[in-house]
Amino acid sequence: MKNGDDYYLEVPLKSANFLAKIRILSAGKVSGNVYDLDTGEEYLLLRVESNTGSFSAVVKAEYRTILQDIAGKCFVKAQADRIKDEIKARYGDESDFPFKKFPDYAVFRNPQNRKWYGLLMAVLLGKLTGDEKDK
């Protein structure tokens, strides 16, 4: 749901009778809370750093997955668009999409010799960090 320039999203958690309420401000700041639908109270163990038990770990993992999904769908493209806009403004070059298998991968070419000088592609964080769960 949009309210002015900000977005609000409510996502029920599958692991419990909880609801995640996410706010995405126009400046790109994301914040949120998880609420117990039975009591209406905020689930405060979401913020506790120490090991609080398996139930809490499941809720935290599901909340983290929701945030990662939002980031992947909302912010990666926005960053790519900013880069494309900057290249267009600075050099006057448009992106080119030469890969049938990867239609979202964009390249930028030198207009004189058509050689690439830039490539825009999404890479999962786990590929860069070696974190198996993000691959």
Side-chain angles (χ1 to χ4, degrees):
M1 172 175 60
K2 187 171 183 181
N3 185 356
D5 291 335
D6 302 332
Y7 290 88
Y8 297 85
L9 178 67
E10 293 185 356
V11 181
L13 273 66
K14 297 173 186 165
S15 59
N17 195 27
F18 287 1
L19 181 70
K21 292 185 177 184
I22 312 294
R23 293 171 297 283
I24 305 168
L25 303 181
S26 60
K29 182 179 179 195
V30 178
S31 62
N33 302 78
V34 172
Y35 295 90
D36 183 327
L37 291 175
D38 292 330
T39 65
E41 294 180 4
E42 182 178 357
Y43 184 67
L44 298 176
L45 290 178
L46 186 72
R47 308 284 183 223
V48 175
E49 293 292 325
S50 64
N51 186 357
T52 55
S54 61
F55 178 77
S56 179
V58 169
V59 171
K60 287 178 187 181
E62 189 171 351
Y63 181 69
R64 189 177 313 110
T65 299
I66 291 167
L67 293 177
Q68 288 170 338
D69 185 52
I70 291 168
K73 290 178 179 173
C74 298
F75 296 105
V76 172
K77 178 128 177 76
Q79 179 68 6
D81 288 343
R82 284 192 293 273
I83 292 168
K84 285 194 281 190
D85 291 346
E86 181 64 25
I87 289 172
K88 172 79 172 157
R90 192 174 289 200
Y91 305 109
D93 298 337
E94 295 283 348
S95 56
D96 181 352
F97 300 89
F99 307 109
K100 287 182 183 176
K101 188 174 178 182
F102 303 104
D104 293 333
Y105 288 15
V107 299
F108 297 91
R109 301 176 189 264
N110 179 315
Q112 281 78 36
N113 61 19
R114 303 289 298 151
K115 290 185 178 183
W116 298 1
Y117 66 83
L119 169 66
L120 273 177
M121 58 187 273
V123 178
L124 294 173
L125 182 61
K127 297 281 187 188
L128 301 174
T129 63
D131 188 352
E132 292 297 320
K133 70 176 188 239
D134 290 331
K135 286 189 178 179

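One-based numbering along the sequence shown.
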Tell me every residue that passes side chain to side chain donor-acceptor pair (under 3.5 Å) with [X], counting only those two or more places apart in sequence or in another chain.
X: Thr65; value: none
X: Tyr117; value: Asp93
X: Thr39; value: none
X: Gln112; value: none

Can you get from Leu19 to Ile66 by hopping between Ile, Leu, Val, Met, Phe, Trp and Tyr side chains that sit under 4.5 Å apart?
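Cluster IDs for Leu19 and Ile66 differ.
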Are Ile24 and Leu46 connected into the same hydrophobic cluster when the rule is that any two of I, L, V, M, F, W, Y join if their side-chain heavy atoms are below 4.5 Å apart?
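In one cluster with Leu46: Ile24, yes.
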Quick one: [atom1] on [X] to [atom2] on [Y], what's the gap to the nearest 0.5 Å?
X: Tyr63; Y: Arg47; atom1: OH; atom2: CZ; value: 5.0 Å
X: Ile83; Y: Leu120; atom1: CD1; atom2: CG; value: 5.0 Å
X: Arg23; Y: Tyr8; atom1: CZ; atom2: OH; value: 7.5 Å
X: Asp69; Y: Arg64; atom1: CG; atom2: CZ; value: 14.5 Å

Taking atom OH of Tyr91 as the centre, does the number of heavy atoms from other residues, nucleotides or ligands within less than 6.0 Å exceed 12?
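At most 12 heavy atoms, drawn from other residues, nucleotides or ligands, come within 6.0 Å of this atom.
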Any chance OH of Tyr7 has more than 12 other-residue heavy atoms, nucleotides or ligands included, within less than 6.0 Å?
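No - once you tally the heavy atoms of other residues, nucleotides and ligands closer than 6.0 Å, there are 12 at most.
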Check side-chain contact (heavy atoms from CB on, under 4.5 Å) between Phe18 and all other residues, then give those that pass, not counting sequence neighbours.
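Applying side-chain contact (heavy atoms from CB on, under 4.5 Å) to Phe18 gives Leu13, Ala16, Val34, Asp36, Tyr43, Phe55, Val59.
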Contact between Pro98 and Val107 at the side-chain level, heavy atoms closer than 4.5 Å - yes or no?
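Counting from C-beta outward, Pro98 and Val107 do come under 4.5 Å.
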Check whether any side-chain heavy atom of Ile22 sits under 4.5 Å from a side-chain heavy atom of Val30, and report yes or no.
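Yes - at least one pair of side-chain heavy atoms lies under 4.5 Å apart.
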Check whether Glu62 reaches the backbone of Ser15 with its side chain - one donor and one acceptor, N or O, closer than 3.5 Å.
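Looks like yes, one N/O pair under 3.5 Å.
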When you measure from the side chain of Lys60 to the backbone N and O of Val48, does any donor-acceptor pair fall under 3.5 Å?
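It does hold such a pair.
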Counting the benzene-type ring for Trp, do Trp116 and Phe99 have ring centres under 6.0 Å apart?
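Centroid separation for Trp116 and Phe99: below 6.0 Å.
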For residues 109-122, which residue pairs qualify under salt bridge (Lys or Arg N to Asp or Glu O under 4.0 Å), counting only residues two or more places apart or in two chains?
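Qualifying pairs: Asp96-Arg109, Asp96-Arg114.
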